[in-house]
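All values below were derived from every heavy atom in this structure, side-chain atoms included, with hydrogens, water molecules and symmetry-related copies excluded. Numbering of ligands and ligand atoms starts at 1, following listing order.
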Amino acid sequence: MKGGIDRREFLRASLLACGSVARPAGIKASDDAGSVNPGKLHILYAREKVPRFEIPSYRGQSYSDRIPDTLDIAERARLGVHALTSITDPNADFEIYGACHFFRNPPVMDHDFNDWVQNQEGLMEALPLLRLASGDTMNNQVDPVWMKTTLQSIGPDGLLYVPLEGRPWGRLHADGINPVWRTNGTRTQYTDRSVTQAANASSCQRMIGTMTIYFLRDGNPMWTATINKMIERLAVLAIQREDYCYFAPGSFEPNATVPPDAPMPLGSTWGVSWNTRLIQGLMQYYRVSSHEPARILAEKLVKYTRYHGEIFEPEGPWFLDPEIRGESKSLAVSDSIRKKYYVEGLKRGGHGHGHGIGVLAMLEYADATHDGDLLQFCKTSFEWARNPGSEYGASTLVGWFPEFYVPHYPSCEGCIVGDMISMATKLSAAGVGDYWDDVDRWVRNQFAEQQLTSVDWVYRLAAREPRKPVGPFEVAERAPERNVGAYAGGASANDFALGVASSGIGHCCTGTCTRTIYYVWEKMVENRNGRLRVNLLLNRASRWADVYSYIPYQGRVDVKMKEPSREVVIRAPEWVESQSPQIECKVNGTPRPLAWAGRYVSAGAVKAGDLVMLTFPMEERTVREQIGGQPYAMVIKGNTVVSIDPAGKNVPLYLGRERYRTSQVAWRQVQRFVPDKEVVW
Ligand SMILES: [Zn+2]
């Protein structure tokens, strides 16, 4: 259907992708960007009419500035907006193409059931957050259509249903949806054409979070009413045990009935997807609303996750998933992976993102309820994943973590890198640990490299493959270009794409990692009680001060104050010891003594307009490390990899980083943006 893309459709897609139809912000739900499209599909949603809503403009200050040409998180957020809105299909209400295949000639994006990562892996949650961070209005015809179709997907019982009819790929490669529980209490399969709508905890979880963001921005009580009804229904569907609960495996038709003896899902793939993930949405909402039913349901799911789901050991380390242990089968873990990486007696490990998103969900509960014991659990779980033992091949140095925590697994899914950075950021912000140095290293290296920023190589890679016709539900036009800003599905420490488990980009990673961008952006500069705290030495504009990072060209960071501050506290770089006299500070060119507090230095009180300049040494070192079972030699300047050997075979990473080996700073003219109001997320 999409394979034979015609010229007119191509032009539309191109226009949409390059953002030239961007509208002024402040968009009404009734605006319909696809109204003149003759190829438009008629998707059978759970309902046609939806309540009115309007997306407020992303207001803030936008100004031109000159910054050192070093990592700029706001720029990464802008690239994220590009990817999220450009991989969309105007014929299908801007549904995303769920994956992009680089080992194909020509490279293609394709539709299948898994397009629903758009909702379930957070692309819709990330989009408003990234617009806040960047101020970017590119392709903002997508946002109201996404939300309108979300509201159309709310069924009569309040759950969010995936429509299976009207999307010809709706049942293609479906996983995690069987069995389907019916209204009369029987069960069937998704291939049964009488099933037209399917929901589960996974379809609802991120949309609770997304609607919470919309509520925070416009205050419309329609969002809270919709969420409350959804939670009420989820609580009824949950199978109650003593002090915990769980959801039956698979999915539900509208008004489904589930027998109380339905089996309990286990493991980090389906146990977490059908249960644990919901905790995150519930608690994102609880933090804003204090809606007690949300907390109660979340509390029971926390107990399921921690003590019954065979996902974590009680103290936090990860249980190897039943699919890898060989006790059950699902498409989530392919037979080839199960056979190749099975290790007799291995107890700990399993799917990276399955566990990672589980920890993040529980962290959301622990943080909102100040549950110290659970915070400690999350910390232990994170620390196990961060340094599980050399056989797992993880690199805490560059932020490379295996998709499957089993010995010698070669490939890293963007999702787990994003999860690890999100956990490190949230644990640090909650004061449970101090992982800012990890965040700094991981964001500068694997995370930055796993975001697609150029496409020439994609065509060179694709040209190695025999030509293959573009199939049904696939699209080739500018497929690589439209993915700029998306995240690699399976990278080594020096190859964007290995072709193991992912053929380039699976957009679960794009959803996960773009939200991570926001977490990092939001928490790297904080202002509490008139005290400014800079946690990461990266470029960042804010209403209180603008940060200019010269790292890694030079050991220098400037903080240009916009508001007076009782105290400015700045993180010391990892390679400078505490109390070292090597860090020097000048305020408006005059030396200022520094006071150390842990890993931070305080420059004391400052006025609006003051320029606080920190300088420190910047040196290179060579490090040898096994990552994903492969030996590498890396030159690291400060915390930034500037050279890595051996070179990648398909798509080498870290290209162009030689430029950082000089101390001659390159500058860039950028448009900086400071939102009037940030969302605490
Ligand atoms: Zn992923």
Side-chain angles (χ1 to χ4, degrees), residues 76 79-80 83-84 87 96-103 109-127 130 173 175-176 202-203 205-206 267-270 272-273 276-277 280 318 321 323 330-334 337 350-361 385 394 399-406 409-423 442 446-452 483 485-492 495-519 628 651:
R76 296 310 183 117
L79 288 177
L84 293 172
I87 56 172
I96 63 160
Y97 292 92
C100 187
H101 304 278
F102 295 158
F103 295 87
M109 299 193 284
D110 68 352
H111 279 308
D112 67 13
F113 175 83
N114 299 298
D115 292 356
W116 282 89
V117 296
Q118 175 185 318
N119 151 356
Q120 297 178 19
E121 291 285 5
L123 287 86
M124 291 184 62
E125 180 189 347
L127 183 57
L130 295 194
H173 306 144
D175 194 19
S202 210
S203 70
Q205 36 113 24
R206 294 295 267 269
S268 85
T269 54
W270 300 119
V272 166
S273 287
T276 309
R277 286 170 180 244
Q280 190 175 47
W318 301 1
D321 294 311
E323 293 94 336
S330 90
L331 290 179
V333 182
S334 72
I337 286 170
H351 195 248
H353 181 46
H355 288 93
I357 195 78
V359 178
L360 274 172
W400 189 99
F401 303 99
E403 176 173 1
F404 286 96
Y405 274 66
V406 288
Y409 195 78
S411 142
C412 160
E413 186 189 12
C415 283
I416 182 60
V417 184
D419 288 341
M420 291 298 286
I421 294 170
S422 298
M423 283 184 252
W442 302 348
Q446 192 72 30
F447 188 67
E449 291 301 304
Q450 217 148 326
Q451 188 176 29
L452 184 67
N483 275 269
Y487 282 81
S492 72
D495 240 325
F496 190 95
L498 289 181
V500 178
S502 168
S503 56
I505 288 174
H507 286 297
C508 52
C509 303
T510 303
T512 302
C513 291
T514 47
R515 184 178 66 174
T516 298
I517 290 177
Y518 187 80
Y519 285 151
V651 200

Metal site the Zn ion (ligand 1): N/O/S of Cys508 inside 2.8 Å: yes
Backbone N/O of Ile96 and side chain of Gln118: donor-acceptor pair under 3.5 Å: yes
Of the N, O or S atoms in Glu413, the one nearest the Zn ion (ligand 1): OE2
Heteroatom N/O/S of Cys415 within less than 2.8 Å of the Zn ion (ligand 1): yes
Under the side chain to side chain contact (heavy atoms under 4.5 Å, CB included) test, residues paired with Ser202 that sit two or more places apart: Gln120, Asn200, Gln205, Ser273, Arg277
Test item: side-chain donor near acceptor, Asp321 and His351, under 3.5 Å: no
Parallel, tilted or perpendicular: ring planes of Phe102 versus Phe496, cut at 30 and 60 degrees: tilted
